[in-house]
Amino acid sequence: MIEAQKGTRDILPGEIARWQLVEAQARATFELYGFREIRTPIFESTELFSRTIGEATDIVSKEMYTFLDRKGRSLTLRPENTAPVARAVIEHQMHRGAGLQRLYYIGPMFRYERPQKGRARQFHQIGVEVFGSEHPAVDAETLEMLMAFLESLGIAGAELAVNSVGCPVCRPAYREALLAYLRPHRDSLCEDCRRRLAENPLRCFDCKVPADQETMSAAPPITESLCAACRDHFARLVALLEALAIRHRIEPRLVRGLDYYRRTSFEVTVPGLGSQNALLGGGRYDGLIRDLGGPDVPGFGFAVGEERLVLSLPAAAAAAEGAPDIYMAAIGEEGVARALVVGRWLRRTGKRIVLEPQPDKSLRAQMRRAHDLGAAFVLIIGESEVREGSVTIRRMADGTQERVAAQRVEGRLREMAGA
RNA sequence: GUGAGUGUAGCUCAGGUGGUAGAGCCCCGGGUUGUGGCCCCGGUUGUCGUGGGUUCGAGUCCCAUCACUCACCCCA
């Protein structure tokens, strides 16, 4: 038997209401703030990701779905969507208009990883990107929108952590300061942290080994090593968050993995997701467009893990499934043919009608089926109805029913529904 | 890539110390020659993940393998 590939899954009709709710709420909220949707391709040139995300990151070094097409071009299934959106902005010169570009996207991403709770090889992100301003008010307003979005979905226990990871001016100096602090402790660090020391010492802050956490708690925080410009940007952002009464925690140990982040960096965690407790992450990426060969256009954005968001939804958020208004119970081939005609006309009045051609099935079984589907009315078309050109209308709520001429079905149905 | 746990009916799961498979739900038919919910009666459903080994005999023990789940790494 052929089954869905590891790390991929089918989202079945029984749970689709939660996905549709999340996506509809995202569109409605983002458009309130002037964002417009963009849809970019699922695969891109491999180079787009390796250059922007960083060759040394886990994503690029071991998690990309990369393949050669028939002409030998190296292509990659997108592992994230900020770089593709930036590519599209440059390609279509979208930054040349007046004002800012605010874009959002919803779609699948791909990373070759071992699946676990809240993690899959094909997963979905809802993300936004703002291009064209490095003003901290962009950061603040977008974060305010984000929190409003989560609130509108009734997400409980969401905690926003913000930090500044500096810029190419101050980050190298901080890295050296951190290394200077860590070198004397090298022998007491865990194996992973010793490796991080060489690759990306900032990641030691994420270590879950208690002894290492203790070591890191005394490490110099990045916020004290920021250059004047970055320090000013961060201070203004924090002040604006205060003014907006956005609950947040300043977390100097928060480091994000992708190379293109500058200055503002943040994430929202939520309980109940197992060890993948990050619901979303994002930050500022002022150098990205230029790195891709475009002009010096600053950017800010975030991406929400849609699977994790759906997992975090309150149980009650599952919107009611669309029960049919009418179930057609037809007996015999003639009955089925008549039901088709009646159903066609009633659907034009906006009625949701379910017709399952099973002429040999007992009326009892068809009634049971109508009940299970939650149909408000059943239209019965059996042998005697066919003979006299009528239809039996049954209101399921109280069992009242009557037989009317076929032409009168629509009007009588309306009367019975209103009664 | 590393570690641990789990694989029995469509679903959720029982099957001490080896004797050749069960329940509930679901589904179908009937009780009501054409009428739902509750009830009653009857019925269908399995390569016991796969391959090999031990044994007279393996769902049960051993080995291998695959899949799933959770955790590590890392991230959404």
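By convention in this document, chain letters (A, B, ...) are assigned in the order of the sequence lines, proteins followed by strands, and residues within each chain are numbered from 1.
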Engineer: For A:Gly281, report the nucleic acid contact type (base, sugar-phosphate, nothing); a contact means any heavy atom under 4.0 Å.
Structural biologist: sugar-phosphate
Engineer: Give me each pair satisfying side chain to side chain donor-acceptor pair (under 3.5 Å) with a member in residues 336-345 of chain A, each pair once, sequence neighbours excluded.
Structural biologist: none
Engineer: Report all interatomic pairs (protein N or O, nucleotide N or O of nucleotides 66-68 of chain B) with separations under 3.5 Å.
Structural biologist:
{"unit_1": "B:C68", "atom_1": "OP2", "unit_2": "A:Lys6", "atom_2": "NZ", "d": "2.8"}

Engineer: What's the closest nucleotide to the A:Asp192 side chain, out of B:C73, B:G34, B:A76?
Structural biologist: B:C73
Engineer: Considering only the C1' atoms, how many Å lie between B:U6 and B:U65, rounded to the nearest integer?
Structural biologist: 16 Å
Engineer: Quick one: A:Arg369 CZ to B:G29 P, roughly how many Å, whole number?
Structural biologist: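 So the two atoms are 13 Å apart, to the nearest Å.
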Engineer: Donor-acceptor pairs under 3.5 angstrom involving side-chain atoms of residues 124-141 of chain A: please list them, not counting sequence neighbours.
Structural biologist:
{"unit_1": "A:His124", "atom_1": "ND1", "unit_2": "A:Glu307", "atom_2": "OE2", "d": "2.8"}
{"unit_1": "A:Glu129", "atom_1": "OE1", "unit_2": "A:Tyr285", "atom_2": "OH", "d": "2.3"}
{"unit_1": "A:Glu129", "atom_1": "OE2", "unit_2": "A:Thr82", "atom_2": "OG1", "d": "2.8"}
{"unit_1": "A:Ser133", "atom_1": "OG", "unit_2": "A:His135", "atom_2": "N", "d": "3.0"}
{"unit_1": "A:His135", "atom_1": "ND1", "unit_2": "A:Ala137", "atom_2": "N", "d": "2.8"}
{"unit_1": "A:His135", "atom_1": "NE2", "unit_2": "A:Arg236", "atom_2": "NH2", "d": "3.4"}
{"unit_1": "A:Asp139", "atom_1": "OD1", "unit_2": "A:Arg284", "atom_2": "NE", "d": "3.3"}
{"unit_1": "A:Asp139", "atom_1": "OD1", "unit_2": "A:Arg284", "atom_2": "NH2", "d": "2.5"}
{"unit_1": "A:Asp139", "atom_1": "OD2", "unit_2": "A:His233", "atom_2": "NE2", "d": "3.1"}
{"unit_1": "A:Asp139", "atom_1": "OD2", "unit_2": "A:Thr264", "atom_2": "OG1", "d": "2.7"}
{"unit_1": "A:Asp139", "atom_1": "OD2", "unit_2": "A:Arg284", "atom_2": "NE", "d": "3.2"}
{"unit_1": "A:Glu141", "atom_1": "OE1", "unit_2": "A:Arg102", "atom_2": "NH1", "d": "3.3"}

Engineer: When the P atoms of B:U44 and B:A14 are considered, how many whole Å apart are they?
Structural biologist: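 My reading of the P atoms in B:U44 and B:A14 gives 25 Å.
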Engineer: Pick the C1' atom in B:G15 and in B:A21, then give their distance to the nearest Å.
Structural biologist: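 Straight-line distance between the two C1' atoms is 8 Å.
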Engineer: Got a salt bridge between A:Glu251 and A:Arg249, using NZ or NE/NH1/NH2 to carboxylate O under 4.0 Å?
Structural biologist: yes
Engineer: Given 3.5 Å as the limit, does a donor-acceptor pair link the side chain of A:Ser61 with the main chain of A:Thr57, or not?
Structural biologist: yes
Engineer: Using the 3.5 Å cut-off, write out each protein N or O paired with an N or O of nucleotides 24-28 of chain B and the distance between them.
Structural biologist:
{"unit_1": "B:C28", "atom_1": "OP1", "unit_2": "A:Lys361", "atom_2": "NZ", "d": "3.1"}

Engineer: Below 4.0 angstrom from OP1 or OP2 of B:A71, is there any side-chain N or O of A:Gln116?
Structural biologist: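 For A:Gln116, the contact criterion (side-chain N or O under 4.0 Å from OP1 or OP2 of B:A71) is met.
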Engineer: Can you tell me how far P in B:C27 sits from the matching atom in B:C68, rounded to whole Å?
Structural biologist: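 These two P atoms come out 30 Å apart once rounded.
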Engineer: I need the CG-C1' distance between A:Leu373 and B:G36, as an integer number of Å.
Structural biologist: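 My rounded result for the distance is 11 Å.
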Engineer: Please convert RNA chain B into dot-bracket. A pair counts if it is Watson-Crick or G-U wobble with both distances under 3.5 Å; crossing pairs go in [ ] and bases paired with another strand get |.
Structural biologist: (((((((..((((.....[..)))).(((((.......))))).....(((((..]....))))))))))))....
Engineer: 5'-most contact on RNA chain B: A:His371 or A:Asn277, nearest heavy atom basis?
Structural biologist: A:His371
Engineer: Tell me what A:Gly274 touches on the nucleic acid: a base, only sugar-phosphate, or nothing, going by heavy atoms under 4.0 Å.
Structural biologist: sugar-phosphate
Engineer: Could you work out the separation of B:A67 and B:C75 based on their P atoms and round it to a whole Å?
Structural biologist: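 It comes out at 26 Å once rounded to the nearest Å.
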Engineer: Picking from B:U35, B:C73, B:G34, which would you name as closest to the side chain of A:Arg394?
Structural biologist: B:U35
Engineer: Scan A:Gln276 against the nucleic acid and name what it touches under 4.0 Å (heavy atoms): base, sugar-phosphate only, or nothing.
Structural biologist: base
Engineer: Applying the side-chain contact (heavy atoms from CB on, under 4.5 Å) criterion to A:Ile53, which one of A:Asp259, A:Val60, A:Asp58, A:Leu48 satisfies it?
Structural biologist: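 Exactly one candidate clears the test, A:Val60.
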Engineer: Just to confirm, is there a sub-4.0 Å distance from OP1 or OP2 of B:C75 to any side-chain nitrogen or oxygen of A:Arg203?
Structural biologist: yes
Engineer: Under 3.5 Å, is there any donor-acceptor pair linking the side chain of A:Arg196 to the base of B:C74?
Structural biologist: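 By the distance-only test, no, there is no pair.
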Engineer: Between A:Arg403 and A:Glu388, is there a side-chain N and carboxylate O pair less than 4.0 Å apart?
Structural biologist: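 A salt bridge links A:Arg403 with A:Glu388.
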Engineer: Can you tell me how far C1' in B:C26 sits from the matching atom in B:U45, rounded to whole Å?
Structural biologist: 11 Å
Engineer: Grab the CD-P distance between A:Glu191 and B:G3 for me, whole Å please.
Structural biologist: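 Result: 13 Å.
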Engineer: Using modelled atom types and a 3.5 Å cut-off, is there a donor and acceptor pairing between side-chain atoms of A:Asp212 and backbone atoms of A:Cys207?
Structural biologist: no
Engineer: Whole angstrom is fine here: how far is it from CZ in A:Arg364 over to P in B:U32?
Structural biologist: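 Result: 10 Å.
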Engineer: Scan side-chain atoms only and decide if A:Tyr174 and A:Glu224 contain a donor-acceptor pair under the 3.5 Å cut-off.
Structural biologist: no
Engineer: Strictly below 4.0 Å, N to O, side chains only: are A:Arg195 and A:Asp192 in salt-bridge contact?
Structural biologist: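 Yes, charged N to carboxylate O under 4.0 Å.
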Engineer: Dump the intermediate steps for salt bridge (charged side-chain N to carboxylate O under 4.0 Å, His left out) on A:Glu306 and A:Arg18, then the final yes or no.
Structural biologist: CA-CA 10 Å; A:Glu306 196 171 356; A:Arg18 297 162 74 81; over 6 Å; no
Engineer: To the closest 0.5 Å, what do you measure between CE (A:Met328) and CD1 (A:Ile381)?
Structural biologist: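 Rounded to the nearest 0.5 Å, the CE-CD1 separation comes to 4.0 Å.
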Engineer: Counting side-chain heavy atoms from C-beta on, which of B:U35, B:C74, B:A76 comes nearest to A:Ala278?
Structural biologist: B:A76
Engineer: To the nearest angstrom, how far is A:Lys117 atom NZ from B:A71 atom P?
Structural biologist: 7 Å
Engineer: Could you measure between the two P atoms, the one in B:A76 and the one in B:U17, and give it in whole Å?
Structural biologist: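 My reading of the P atoms in B:A76 and B:U17 gives 48 Å.
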Engineer: Among pairs that include at least one residue of residues 328-337 of chain A, which meet side chain to side chain donor-acceptor pair (under 3.5 Å), considering only residues two or more places apart or in two chains?
Structural biologist: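 Sorted pair list comes back empty.
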Engineer: How is A:Glu383 classified with respect to the nucleic acid when contacts are heavy atoms under 4.0 Å: base, sugar-phosphate, or nothing?
Structural biologist: base
Engineer: I'd like to know if A:Ser384 reaches the base of B:G34 with its side chain, counting only an N/O donor and acceptor under 3.5 Å.
Structural biologist: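 A donor-acceptor contact between them is present.
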Engineer: Under 4.0 Å, heavy atoms only, any strand: does A:Gln366 hit a base, just the sugar-phosphate, or nothing?
Structural biologist: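 The residue A:Gln366 makes no contact with any strand.
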Engineer: Indicate, with yes or no, if the rings of A:Phe300 and A:Phe266 have centres closer together than 6.0 Å.
Structural biologist: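 Distance test on ring centres: under 6.0 Å, yes.
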Engineer: Please check: side-chain N/O of A:Glu385 versus main-chain N/O of A:Gly382, any donor-acceptor pairing under 3.5 Å?
Structural biologist: yes
Engineer: In whole Å, what is the span from the CG atom of A:Leu197 to the C1' atom of B:C73?
Structural biologist: 17 Å
Engineer: Expressed as a whole number of angstroms, how long is the span from A:Glu113:CD to B:C75:P?
Structural biologist: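 Taking atom P of B:C75 as the reference, CD of A:Glu113 is at 9 Å.
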Engineer: Is A:Ser275 close enough to B:C72 that one of its side-chain N or O atoms is under 4.0 Å from OP1 or OP2 there?
Structural biologist: yes
Engineer: By the 4.0 Å heavy-atom rule, please label A:Glu80 as base, sugar-phosphate, or nothing.
Structural biologist: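 Result for A:Glu80 = nothing.
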Engineer: Quick one: A:Arg121 CZ to B:A76 P, roughly how many Å, whole number?
Structural biologist: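 Between P of B:A76 and CZ of A:Arg121: 18 Å.
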Engineer: I'd like to know if A:Arg395 pairs up with A:Asp398 as an ion pair, taking the criterion as any Lys NZ or Arg NE/NH1/NH2 lying under 4.0 Å from an Asp or Glu carboxylate oxygen.
Structural biologist: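 Yes, charged N to carboxylate O under 4.0 Å.
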Engineer: Applying a 4.0 Å non-hydrogen cut-off, can you work out what A:Glu385 is touching in the nucleic acid: base, sugar-phosphate, or nothing?
Structural biologist: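 Result for A:Glu385 = base.
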Engineer: In whole angstrom, give me the gap between the C1' atoms of B:G5 and B:G49.
Structural biologist: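 The same atom, C1', in both gives a distance of 16 Å.
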Engineer: For A:Leu279, report the nucleic acid contact type (base, sugar-phosphate, nothing); a contact means any heavy atom under 4.0 Å.
Structural biologist: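 The residue A:Leu279 makes sugar-phosphate contact but no base contact.
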